[in-house]
**Q** 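Below you'll find the structure I mean.
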Amino acid sequence: MAKSAPPPGTSDIFPEEIASWYCLEDAARKIFPLYGFGELRTPVFEYTEVFQRGLGDDTEVVQKEMYTFEDRGGRSLTLRPEGTAGVMRAMAGTDVMNGNERRVYYVGPMFRGERPAAGRKRQFHQIGVENVGRVAPELDAECIAMLMHYLEEIGITGTRLLINTRGALSDRKPAEDALREYFSAGIDSMCDDCKTRFDKNIWRILDCKAPECQELIEKAPDVVSFFSEESQEYFRKVCAVLDSLNINYEIEPRLVRGLDYYVHTVFELTHPGLGAQNAIAGGGRYEVFLPDSKKPVIGVGYAVGMERLLMAREALGVAASEDNTPVFYLAGLGEKAIEFNMPLAGKLRAAGLKVVAEVENKSMKAQMRAANRIGATAAVICGDNELENNIVIVKDMEKGEQQEVSPETLADYLKSQYCS
RNA sequence: GUGGUUGUAGCUCAGUUGGUUAGAGCGCCUGGUUGUGGCCCAGGAGGUCGGGGGUUCGAGUCCCCUCAUCCACCCCA
């Protein structure tokens, strides 16, 4: 088993389980274009600085979760731990920097060197969307609406939408000062993580879950009250638009999120069927700084975790869509028949039929067993007798009935019988 | 990175206080029909008991290390 196991935190997706992945991807390709979004494909790795500057040097992800390596040209590269920074790197070369808008989505693997657990892998997959270049509360709300629309399409219900504002970058200082003043009194009684957060990123104290910290956190000052009137109004407007779209949400003042690029709206979508890692999607408005650039790329977006969507669907008992197209098994009795079957299979496939042809001269019994095992709709049997008479026998696997058919009309016969 | 859990056949798992050639069910292969599947019956193939070291006359079983798994913390999707 170890010999066939992939590296820790990764997994193989076999043909038997691919259908539900297609379902998630097909739904994205169906829903997102309705909102004007098109797919963008960026590299799986970027210059390391793209993430260091983009996500923030002090974030957990950058500090200890990135797969960073040097390539043969001595460049420091990093496997993308999330999608936004790379997308912004690509967007920076377009007219979004002049206030024009672009709407893109992406699908693909992300990489983080964490200890695997339920709903957490080292290579995991996200579907993300980014509305880049403009600032408007309506866009934030529409982004969330599109997320809910997508979840509805793939049958996920029972989610909780948590939303909060982080204010503008210029709002941070006064709020941070207030937090620091408040927590400095009680920091000694808080958990070790919070002690380092106090210096590194005081905001993150707010969503600490350690019991010994809860009492202090609950009485902490309302940071939003330190934000500018414009920022507060922006958030009120986002909520108002969500209301007008009949989207249910809960304002969670302690929702901070771990990536430094967020400003104004942040949100998270959780599902009860998942275990400790219960967020299936998260996002918000951001200002992403790229290397050698003083001006950030701005936008709003989110990412959904595909593995977690799959877990949620399983918890909800949403049936994985299965492929019901008929499969035909070509049984060949004798070397001649097997030779005859290869081009015959080609003709059937050219006509759009799914065909598996046996290539070994096995017993009839073994070949019928094989036909049964692959779930063949019908077996096409060919042997010396049939070759002599220029016919093949089509055996309906469900009814058990057999029919002689000419090889020339076989494709048409199978289509008319089994493909409605 | 910290803690705990588990690791025996392709899969799900038994394996008694350490005792000869390690088992079951499912799956797979062959046969029971000169060329006919599913059900049934009979045979068969398949395992360095995750790996390494140690204790012992003897280790799947006990001890240490290591690798991997799953889960929780941290953090995130």
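Here is how names work: the chains are called A, B, and so on, in the same order as the sequence lines, proteins then strands, and each is numbered from 1. What you are looking at is a predicted structure, and each value in this text was computed from that prediction instead of being measured.
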**Q** Is it the case that more than 12 heavy atoms not belonging to A:Tyr47 sit under 6.0 Å from its OH atom?
**A**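 It does not: A:Tyr47 OH has 12 such atoms or fewer within range.
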**Q** Answer yes or no: is there an ion pair linking A:Lys30 with A:Glu153, defined by an N-O contact shorter than 4.0 Å?
**A**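 A salt bridge links A:Lys30 with A:Glu153.
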**Q** Check this for me, if you would: do A:Glu46 and A:Arg80 make a salt bridge, where the nitrogen-to-carboxylate-oxygen distance has to be below 4.0 angstrom?
**A**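 So A:Glu46 does not pair with A:Arg80 through a salt bridge.
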**Q** Hey, are the side chains of A:Val104 and A:Val87 touching, using non-hydrogen atoms and a 4.5 Å cut-off?
**A**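 Sidechains of A:Val87 and A:Val104: in contact.
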**Q** Rounded to whole Å, please give me the gap between NZ in A:Lys121 and C1' in B:C71.
**A**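 In whole Å, B:C71 C1' lies 13 Å from A:Lys121 NZ.
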**Q** If I pick the C1' atom on B:G7 and the same atom on B:U12, what distance separates them, to the nearest angstrom?
**A**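 B:U12 and B:G7 have their C1' atoms separated by 14 Å.
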**Q** Does this structure show an ion pair linking A:Asp140 with A:Arg285, if we count only N-O contacts that are shorter than 4.0 Å?
**A**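 The answer is yes: the pair qualifies as a salt bridge.
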**Q** Answer with base, sugar-phosphate or nothing: what part of the nucleic acid does A:Gly119 contact at a heavy-atom distance below 4.0 Å?
**A**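 Base contact.
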**Q** Answer with base, sugar-phosphate or nothing: what part of the nucleic acid does A:Ala276 contact at a heavy-atom distance below 4.0 Å?
**A**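 Sugar-phosphate contact only.
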**Q** Between A:Gly9 and A:Ile280, just flag the one whose closest nucleotide in RNA chain B comes earlier from the 5' side.
**A**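 The answer here is A:Gly9.
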**Q** Base, sugar-phosphate, or nothing: which does A:Glu268 touch, judged by heavy atoms less than 4.0 Å apart?
**A**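 If one applies the 4.0 Å heavy-atom cut-off, A:Glu268 turns out to touch nothing in the nucleic acid.
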**Q** Roughly how far apart, to the nearest Å, are B:G23 and B:U36 at atom C1'?
**A**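 B:G23 and B:U36 have their C1' atoms separated by 35 Å.
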**Q** Closer to the 5' end of RNA chain B via nearest nucleotide, is it A:Met311 or A:Gly282?
**A**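 Final value for this comparison: A:Met311.
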**Q** Scan A:Glu60 against the nucleic acid and name what it touches under 4.0 Å (heavy atoms): base, sugar-phosphate only, or nothing.
**A**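 Sugar-phosphate contact only.
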**Q** Between B:U69 and B:C62, how far is it from one P atom to the other, in whole Å?
**A**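 The answer is 23 Å between these two P atoms.
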**Q** Base, backbone or nothing for each nucleotide of nucleotides 28-40 of chain B, written B, S, -, heavy atoms under 4.0 angstrom, 5' to 3'?
**A** SSS-B--BBBB--
**Q** Establish, from distance only, whether the side-chain atoms of A:Ser231 and A:Asp171 form a donor-acceptor pair under 3.5 Å.
**A**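 Judged by distance alone, the side chains do pair up.
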**Q** What is the nucleic acid contact for A:Pro116, judged by heavy atoms within less than 4.0 Å: base, sugar-phosphate only, or nothing?
**A**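 If one applies the 4.0 Å heavy-atom cut-off, A:Pro116 turns out to touch a base.
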**Q** Could you give the distance separating B:C29 and B:G10 at their P atoms, to the nearest angstrom?
**A**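 Taking atom P in both B:G10 and B:C29, they lie 16 Å apart.
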**Q** Restricting to side-chain contact (heavy atoms from CB on, under 4.5 Å), what partner residues turn up for A:Lys399, sequence neighbours left out?
**A**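 Partners of A:Lys399 under the side-chain contact (heavy atoms from CB on, under 4.5 Å) test: A:Asp396, A:Glu401.
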**Q** Dot-bracket, RNA chain B: Watson-Crick or G-U, under 3.5 angstrom, [ ] crossing, | other strand?
**A** ((((.((..((((.....[...)))).(((((.......))))).....(((((..]....))))))).))))....
**Q** Using atom C1' of each nucleotide, how far apart are B:C73 and B:G19 to the nearest Å?
**A**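 That atom pair is separated by 44 Å.
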**Q** Between B:U48 and B:U8, how far apart are the two C1' atoms, rounded to whole Å?
**A**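 It works out to 12 Å between them.
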**Q** What is the separation between atom CG on A:Leu274 and atom P on B:C70, rounded to the nearest whole Å?
**A**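 So the two atoms are 16 Å apart, to the nearest Å.
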**Q** Would you kindly give the CG-to-P distance between A:Asp193 and B:G1, to the nearest whole Å?
**A**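 Checked: the CG to P distance equals 17 Å.
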**Q** Between atom CZ in A:Arg115 and atom C1' in B:C67, what is the gap in whole Å?
**A**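 After rounding, the reported distance stands at 12 Å.
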**Q** Using the P atom as the reference point in each nucleotide, state the distance between B:A14 and B:A24 in Å, no decimals.
**A**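 Their P atoms lie roughly 16 Å apart.
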**Q** Are A:Arg122 and A:Glu114 close enough, and set up right, to give a salt bridge (charged side-chain N to carboxylate O under 4.0 Å, His left out), and what steps lead you there?
**A** CA-CA 6 Å; A:Arg122 289 182 175 178; A:Glu114 315 174 83; over 6 Å; no
**Q** Is the side chain of A:Tyr150 donor-acceptor paired with the backbone N or O of A:Leu24 at a distance under 3.5 Å, no angle test?
**A**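 Checking the backbone N and O of A:Leu24 against the side chain of A:Tyr150, a donor-acceptor pair under 3.5 Å is found.
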**Q** In whole Å, I'd like the distance from the CD atom of A:Glu65 to the C1' atom of B:C73.
**A**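 One finds 13 Å between C1' of B:C73 and CD of A:Glu65, rounded.
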**Q** Between A:His149 and A:Tyr35, is the gap from one ring center to the other below 6.0 Å?
**A**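 Between A:Tyr35 and A:His149, which both carry aromatic rings, the centre distance is below 6.0 Å.
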**Q** Rounded to the Å, how far apart are A:Lys64 NZ and B:U2 P?
**A**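 Those two atoms, NZ and P, are 11 Å apart.
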**Q** Kindly give the heavy-atom pair with the smallest separation between A:Gly54 and A:Tyr261, and that separation in Å.
**A**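 Looking at all heavy atoms of both residues, the shortest contact is O-CD2, 3.2 Å.
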**Q** Quote, to the nearest angstrom, the C1' distance that separates B:C65 from B:G27.
**A**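 Taking atom C1' in both B:C65 and B:G27, they lie 37 Å apart.
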